[in-house]
> 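Pasting a structure here, questions to come.
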Amino acid sequence: MALTGFFLVSFLMFHLTMNLFLFEGSRGSFSSFADFLGTFPIVRPIEWILFGGFLLHLLLGGFVWLMNRGVRPQAYKVKGTSKTIKLSSRLSIYTGTLILAFLVWHLIQFFIASRFAGHPVDMFVLVAQAFSNPVTIVLYEILFVILGFHLNHGFQALFQSLGLRTAKYRGFIDAVGVIVWLLIPLGFASIPLVMYFGGAR
Amino acid sequence: MDFKLKVWRQKNRDDKGHFEDYTAKGISEAASVLEMLDVVNRELVAAGKDPIAFDHDCREGICGSCGLVINGGVHGPFEHNTTCELRMRRFSDGDTIVLEPFRARPFPIIKDLVVDRSAFDRIMQAGGYVTVKTGQAPEANGIAVPKKIADEAMDAAQCVGCGACAATCPNGSAMLFVAAKVSQLALLPQGKAERKERALAMVAQMDKEGFGSCSNTYACEAKCPKGVSVTHIARLNREYLRAGFGSK
Amino acid sequence: MKLDPKVPTGPIEKRWSQHKFDMKLVNPANRRKYTVIIVGTGLAGSSAAASLAELGFNVESFSFHESPRRAHSIAAQGGINAAKNYVNDGDSVWRLFHDTVKGGDYRARESNVYRLAEVSGNIIDQCVAQGVPFAREYGGSLDTRSFGGAQLSRTFYARGQTGQQLLLGAYSALSRNIHNGGVTFHGRKEMVDLIVVDGRARGIVVRDLVTGELSTHLANAVILATGGYSNVFYLSTNALACNTSAIMKAWRKGAYLANPCYTQIHPTCIPVAGDYQSKLTLMSESLRNDGRVWVPKKKGDSRNPAQIPEEERDYYLERLYPSFGNLVPRDVASRRAKEICDKGLGVGKTGLSVYLDFADAINRNGEEWMAEKYGNLMDMYHEITDEDPYKQPMRIYPALHYTMGGLWVDYHLQSTIPGLFVAGEANFSDHGANRLGASALMQGLADGYFVLPYTVSDYLAGTKFEAVKADAPEVAGASKDAKAGIDKLMGVNGKTPADIFHRRLGHVMWEKVGMAREKKGLEEAIGEIKNIRKDFWKDLKVSGSPDDLNMEIERAARVADFIDLGELLATDALHREESCGGHFRVEHQTDEGETKRDDQNFAYAAAWQYSGEGQAPVLNKDELTFEYDIPSSRSYK
């Protein structure tokens with residue numbers, strides 16, 4: 001979980017960096033970047049690795065979740081034990097599932113629409129079109145909240161699992177964690193809003 | 001103070017078990033939860049009924065024998081205490097109090113509120129020690145242990161082995177218990193020689209006993225009577241990785 | 001009968017090492033043919049089990065707890081003594097020997113005490129090697145602190161949980177040997193009788209506390225490490241399950257019980273607050289390092305302690321004992337607290353407590369320093385009393401804590417029944433009439449790690465064993481007796497739970513056989529105990545089934561033994577017409593209210609022999625001779 005999580009967080013950072021070029025407007029670096037990624041051959045295997053990473057992460061997550069069911073054959077009558085757990089940790093399997101569902105839609109919307117269109121597509125136009133629909137924007141914004149939640153659990157947990165979050169580094173990792181779970185989703189979330197309200201053309 | 005009690009009664013391992021209602025009357029607010037049960041039991045015995053069985057001994061929070069789930073909270077709804085340390089003044093007069101045994105697959109119920117926690121002993125037997133025979137020890141001051149290290153080892157060593165971590169963990173994982181011992185002995189120079197074997201053997205035994213795996217919810221840390229920190233779980237993870245991948 | 005303590009001769013400092021050489025050994029290849037039963041898994045039991053298993057003997061370990069780690073040694077707080085002299089303050093084996101003999105008011109066996117002091121250093125080495133996280137100095141060396149009855153700093157500690165850490169160390173050694181197959185551990189099994197064949201201890205009968213089933217276990221030797229009997233007083237600092245049943249079973253089978261009247265009342269406990277209480281909680285003696293004991297000079301001064309000015313306070317320990325001050329031995333501190341409260345100067349609602357004030361230490365070093373040293377004790381006190389000890393002084397009062405008396409043993413820790421060894425608090429050996437703080441852990445581990453492995457080997461090597469059959473009359477008889485005992489308890493079918501009798505007994509013991517004993521009171525106490533016994537067997541109610549986990553049967557059986565022990569304790573106290581250590585006879589005190597010994601007539605350990613149900617026990621004397629530490633009046637001024 002931790003290693004794939006780390007990989008996916010790195011990917012998110014890359015994705016965000018790229019997306020921020022959207023602020024340059026049409027004919028900015030974003031489209032060229034997208035063109036490059038869409039056509040450069042070496043990117044293909046990297047794409048598969050990325051898919052693999054996602055798949056492994058969700059398989060492992062599902063596996064852990066499955067294995068841990070039934071470890072308490074009879075539930076407590078009063079549900080009080082979960083009160084002490086951070087909401088994001090308690091819900092990580094569910095936020096993860098929602099993110100997966102979103103991902104399918106997201107890929108259809110952008111990845112499949114551009115790669116399998118049969119002709120070159122200007123990614124900027126595609127994105128701008130998508131974010132001209134308020135419903136899409138609302139759904140995306142909800143997703144980013146969920147993503148933040150997922151990262152809130154996941155980021156520190158990955159250091160915990162790798163054995164790095166010892167007494168000495170606990171504070172530091174949790175502080176860096178704030179940057180990750182708060183700033184990454186915020187960065188993503190700003191894009192549709194800015195585009196819709198006309199910040200980038 | 002008066003309380004209404006709902007107590008889990010189960011005749012033996014195979015019985016299905018059920019909740020039964022009792023009342024506890026005239027309880028001193030300075031009495032502990034267990035002392036309240038003493039009062040209820042005295043009445044049950046006098047009436048010729050089977051008293052409520054529960055584990056307890058030192059009644060000062062160190063032996064690790066006691067452990068009830070009180071109103072859904074392991075060792076009660078508050079943080080960092082054992083059941084025997086929980087005083088009735090923390091409740092309000094007339095409250096309904098639900099008492100359940102610790103529940104986790106590797107802790108089968110023996111009777112009423114008494115559970116079998118010998119799984120913890122078997123984990124300890126798998127590797128929770130430094131192999132040193134009586135009479136072999138070198139001079140105690142021969143190896144300096146920096147105060148900081150000794151203190152951190154002591155933080156972990158405080159574990160009383162009550163099982164609250166596994167009873168409260170949504171995954172029924174015993175990681176905090178295992179980590180407390182692995183971390184203590186990995187920190188101290190005396191335990192370093194066997195650190196790899198220890199981490200592997202204890203984790204393997206934990207899995208064999210049927211405890212769940214850790215998903216970093218930190219429920220355990222919040223309810224540990226001694227406040228043993230999950231940073232020790234991080235050290236256990238590190239020890240385990242080191243044992244698996246590191247050089248011999 | 002004259003008792004033979006089998007003490008070696010020669011210069012005291014050579015006795016143990018010479019004796020170790022003189023004792024017989026068992027060939028390593030033959031060791032696994034011998035089985036040793038060890039009852040109890042506290043410091044003495046766990047350490048003995050681990051050490052004997054390491055030698056290659058076949059060890060069967062029993063506990064009424066589910067896990068060996070639950071034994072009550074776990075609750076010891078303050079520390080463990082050792083003559084390491086790390087702090088260069090003049091400590092030595094001789095000094096620890098002297099302090100212990102004097103602290104015990106010259107009622108301990110010199111050779112045993114010297115051996116204890118001699119191995120004390122090794123214990124620390126052993127524990128450190130096991131990974132016990134003792135407190136350290138910044139430079140990485142071991143830290144020490146001071147305890148009562150000593151003018152130097154020789155107490156090693158792990159915060160306020162030294163007993164826990166030492167027990168977990170011994171438990172880990174035990175666990176390792178369980179893993180290796182050297183020890184078989186039997187949890188939730190309580191010893192209900194001793195099997196004696198041809199005059200030798202050859203096994204035990206145990207009751208499975210979950211199923212109620214009785215079973216017999218045979219061996220070549222039996223070690224009892226079953227702790228003390230403070231719970232005869234009902235309220236004590238002992239855990240609730242601590243009991244004297246194993247000791248009493250052995251007594252009825254012929255082992256002598258020595259000095260039962262030597263009981264230790266610990267001066268710093270949280271005072272009794274009400275009827276509901278099931279036990280008392282100790283505040284470690286180490287607090288007296290940094291706390292000052294005082295009461296207001298004026299009777300009934302109910303002002304907030306902080307408002308009472310310095311000159312209106314009586315720091316009575318510092319006043320009476322200028323050189324030891326707040327660190328006088330336990331018996332002295334306890335007696336003085338009682339005396340002050342009897343005069344009506346006590347504080348708190350009940351008037352039965354004195355202040356233990358940390359204001360000076362906190363002003364000097366800050367709250368954080370205090371928290372690091374005593375944090376768990378401060379929190380425990382706060383939780384129990386709802387008073388914040390950082391803001392106002394603790395209120396403390398003496399409570400039963402430890403019993404120096406126990407089964408009589410010789411230098412080999414062997415009782416009067418050959419093959420029955422007794423270790424730790426269960427024996428009477430090393431502390432005389434009063435135990436010094438931080439010496440119980442030392443003795444438990446000394447017995448288990450460094451004495452029994454030699455003396456048990458010697459016994460096994462020197463004895464020719466006949467095989468005992470499982471259906472031998474002695475074995476079947478013990479099993480039948482045990483069954484009959486349980487049926488008898490179930491059969492009374494009266495109205496009163498065992499707990500009520502226990503409380504009645506405790507009340508008599510505390511009032512009349514407690515801190516100050518008097519002929520008249522003791523005679524009354526014996527009469528009252530006889531009445532309690534009569535009522536017990538007439539009106540006891542045990543509910544539930546005997547074939548089940550039944551806490552009431554366990555309790556009732558233990559209370560029955562406490563009643564018998566209580567009577568023996570009072571009898572011993574009545575016979576000992578002197579005051580010494582924890583045994584204070586009002587008739588025998590100096591003008592200043594200190595203990596007054598009678599070395600002429602009472603320099604012996606009183607070993608009581610069972611002589612049948614309802615018969616007066618027979619007194620045997622184990623004469624004490626003092627060659628190295630000549631008895632003097634014990635002064636801590």
Side-chain angles (χ1 to χ4, degrees), chain B residues 27-28 30-31 34-35 38-39 42 44-46 48-51 53 56-65 81 85 87 89 110-111 114 116-118 120-121 124-126 128-134 136-141 144-147 150 153-154 157-158 161 184-185 188 190-191, chain C residues 50-51 54 65-67 69-70 72 74-75 86 122 124-126 128-131 133-142 158-159 161 164-165 168 172-173 175-176 178-179 187 210 239-241 273-274 276-279 281 380 383 386 449 453 495-497 499 541 543-544 548-549 551-552:
Chain B
I27 305 297
S28 163
L34 301 184
E35 284 165 341
D38 289 341
V39 173
R42 233 170 266 145
L44 286 175
V45 172
K49 292 185 183 141
D50 200 13
H56 65 104
D57 196 24
C58 78
R59 299 212 176 181
E60 53 184 72
I62 192 77
C63 75
S65 297
N81 60 268
E85 291 174 305
R87 309 278 149 178
R89 71 171 81 91
I110 295 176
K111 185 181 178 184
V114 179
D116 179 348
R117 284 169 287 183
S118 53
F120 272 15
D121 288 314
M124 280 292 288
Q125 286 154 22
Y129 44 75
V130 175
T131 300
V132 52
K133 287 189 179 180
T134 304
Q136 284 182 334
E139 159 57 36
N141 255 349
V145 182
K147 181 170 170 8
M154 182 62 201
Q158 290 187 82
Q184 174 202 342
L185 296 180
L188 295 172
Q190 289 80 8
Chain C
S51 303
E54 280 162 11
H65 288 293
E66 178 173 278
S67 165
R69 67 182 291 162
R70 311 273 185 237
H72 190 54
I74 200 111
Y86 284 159
N122 290 356
I124 304 298
D125 300 342
Q126 184 68 25
V128 166
Q130 286 168 344
F134 281 116
R136 300 269 173 172
E137 315 235 25
Y138 282 97
S141 52
L142 291 156
R159 292 196 195 143
Q161 293 120 292
Q164 181 199 26
Q165 294 311 314
L168 292 181
S172 72
S175 295
R176 185 169 63 80
I178 294 173
H179 182 69
V210 177
L240 266 77
Y276 65 87
Q277 244 168 326
S278 57
K279 75 158 298 198
T281 305
M380 207 194 277
E383 183 62 40
D386 214 12
Y449 283 134
K495 287 199 175 59
T496 311
D499 202 38
K541 176 75 194 176
S543 65
D548 197 1
L549 193 159
M551 297 176 0
E552 278 307 301

> What closest approach, in Å, do C:Leu549 and B:Ala53 show between heavy atoms, and which atom pair accounts for it?
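C:Leu549 and B:Ala53 have their closest heavy atoms at CD2-CB, 3.9 Å.
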
> Please flag which part of B:Gln136 lies under 4.5 Å from any non-hydrogen atom of chain C: side chain, backbone, both or neither.
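Just the backbone, heavy atoms under 4.5 Å.
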
> Heavy atoms only: give me the nearest B:Thr134-C:Tyr449 pair and the separation to one decimal.
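For B:Thr134 versus C:Tyr449, the nearest heavy atoms are CG2-O, 3.3 Å.
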
> Between C:Lys495 and chain B, which part of the residue has a heavy atom less than 4.5 Å away: side chain, backbone, both or neither?
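Backbone only.
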
> Let me know if C:Glu383 has heavy atoms under 4.5 Å from chain B in its side chain, its backbone, both or neither.
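Both parts, backbone and side chain.
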
> Output the option from C:Asp125, C:Asp548, C:Leu168 having the highest count of non-hydrogen pairs under 4.5 Å with chain B.
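Most heavy-atom pairs within the cutoff with chain B belong to C:Asp125.
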
> Given that the side chain runs from C-beta out, which part of B:Asn81 has a heavy atom under 4.5 Å from chain C: side chain, backbone, both or neither?
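Neither part; nothing is under 4.5 Å.
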
> With chain B as the partner, which of C:Ala75, C:Gly274, C:Ser67, C:Pro133 has the greatest number of non-hydrogen pairs under 4.5 Å?
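Option with the greatest count: C:Pro133.
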
> Roughly how far, to the nearest 0.5 Å, is the CZ atom of C:Arg136 from the CE atom of B:Met154?
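Reported to 0.5 Å precision, the distance equals 13.0 Å.
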
> Checking heavy atoms, do the side chain of B:Pro51, its backbone, both or neither come under 4.5 Å from chain C?
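Looking at B:Pro51, backbone and side chain both touch chain C.
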
> Is chain C contacted by the side chain of B:Val45, its backbone, both, or neither, given a heavy-atom distance below 4.5 Å?
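Contact with chain C is through both the backbone and side chain of B:Val45.
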
> Against chain B, label C:Ala273 side chain, backbone, both or neither, depending on which of its atoms sit under 4.5 Å from a heavy atom there.
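No part of C:Ala273 comes within 4.5 Å of chain B.
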
> What option among B:Ser28, B:Pro146, B:Gly61, B:Gly191 has the most heavy-atom pairs under 4.5 Å with chain C?
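Result: the option with the highest number of such pairs is B:Ser28.
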
> Heavy atoms, side chains only, cut-off 4.5 Å: are B:Arg117 and C:Arg70 in contact?
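Sidechains of C:Arg70 and B:Arg117: in contact.
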
> Are side-chain heavy atoms of B:Asp38 and C:Asp499 found at a separation under 4.5 Å?
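Counting from C-beta outward, B:Asp38 and C:Asp499 never come under 4.5 Å.
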
> Examine whether an atom of C:Phe134 lies under 4.5 Å from a heavy atom of chain B, and if so say whether it belongs to the side chain, the backbone or both; otherwise answer neither.
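When you check distances to chain B, only backbone atoms of C:Phe134 fall under 4.5 Å.
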
> Roughly how far apart are C:Gln130 CD and B:Leu185 CG, rounded to 0.5 Å?
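The distance works out to 10.5 Å.
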
> Which residue out of C:Lys279, C:Arg176, C:His179, C:Gln126 racks up the most heavy-atom pairs below 4.5 Å with chain B?
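Top count of heavy-atom pairs under 4.5 Å with chain B: C:Arg176.
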
> Check whether C:Ser141 gets within reach of chain B through its side chain, its backbone, both or neither, counting any heavy atom under 4.5 Å.
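For C:Ser141, heavy atoms of backbone and side chain both lie under 4.5 Å from chain B.
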
> Among C:Gln164, C:Glu137, C:Lys541, C:Gln277, which has the most heavy-atom pairs under 4.5 Å with chain B?
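The candidate making the most pairs under 4.5 Å is C:Gln164.
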
> Taking all non-hydrogen atoms of both residues, which atom of B:Val130 and which atom of C:Ala129 are closest, and how far apart?
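Taking every non-hydrogen atom into account, CG1-O, 3.4 Å.
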
> Using a cut-off of under 4.5 Å for heavy-atom pairs, which of C:Gly544, C:Gly131, C:Ser278 has the most such pairs with chain B?
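Option with the top pair count is C:Ser278.
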
> Between chain C and each of B:Ser65, B:Ala31, B:Gly64, B:Ala140, count heavy-atom pairs under 4.5 Å; write down the option with the most.
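Maximum pair count with chain C is reached by B:Ala140.
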
> So with a 6.0 Å cut-off around NZ of B:Lys147, is the heavy-atom count from everything else above 12?
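Buried by this count: over 12 neighbours within 6.0 Å.
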
> Mind listing the closest non-hydrogen atom pair of B:Met124 and C:Ser172 along with its distance?
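In this case the closest contact between B:Met124 and C:Ser172 is CE-CB, 4.5 Å.
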
> At a 4.5 Å cut-off on heavy atoms, which part of C:Asp386 comes close to chain B: side chain, backbone, both, or neither?
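It is both, since atoms from each part get that close.
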
> Between B:Thr131, B:Ile27, B:Val39, which shows the greatest number of heavy-atom pairs under 4.5 Å with chain C?
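The candidate making the most pairs under 4.5 Å is B:Thr131.
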
> Return the CD to CD distance between B:Gln158 and C:Gln161, rounded to the nearest 0.5 Å.
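The CD atom of B:Gln158 sits 4.5 Å away from the CD atom of C:Gln161.
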
> Just how far is it from atom CZ of B:Arg59 to atom CG of C:Leu240, taken to the nearest 0.5 Å?
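Between atom CZ of B:Arg59 and atom CG of C:Leu240 there are 4.5 Å.
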
> Sort out for me which of C:Leu142, C:Ile124, C:Thr281 touches chain B most, counting heavy-atom pairs under 4.5 Å.
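If we count pairs closer than 4.5 Å to chain B, C:Leu142 comes out on top.
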
> Which atoms form the tightest heavy-atom contact between C:Glu54 and B:Val132, and what is the distance?
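Where C:Glu54 meets B:Val132 most closely, the heavy atoms are OE2-O, 3.9 Å.
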
> Considering only heavy atoms and a distance below 4.5 Å, find which of B:Leu44, B:Leu34, B:Asp50 pairs most often with chain C.
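It is B:Asp50.
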
> Side chain, backbone, both or neither: which part of B:Lys133 has a heavy atom under 4.5 Å from chain C?
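Both backbone and side chain.
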
> Looking at side-chain heavy atoms only, is the closest gap between C:Arg69 and B:Phe120 below 4.5 Å?
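C:Arg69 does not reach B:Phe120 side chain to side chain.
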
> Report which part of B:Glu139 has an atom under 4.5 Å of a heavy atom belonging to chain C: side chain, backbone, both, or neither.
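The answer is both parts of B:Glu139.
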
> Verify, without hydrogens or angle tests, whether B:Asp57 (side chain) and C:Ala241 (backbone) share a donor-acceptor contact under 3.5 angstrom.
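Yes; judged by distance alone, with no hydrogens or angles, the pair exists.
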
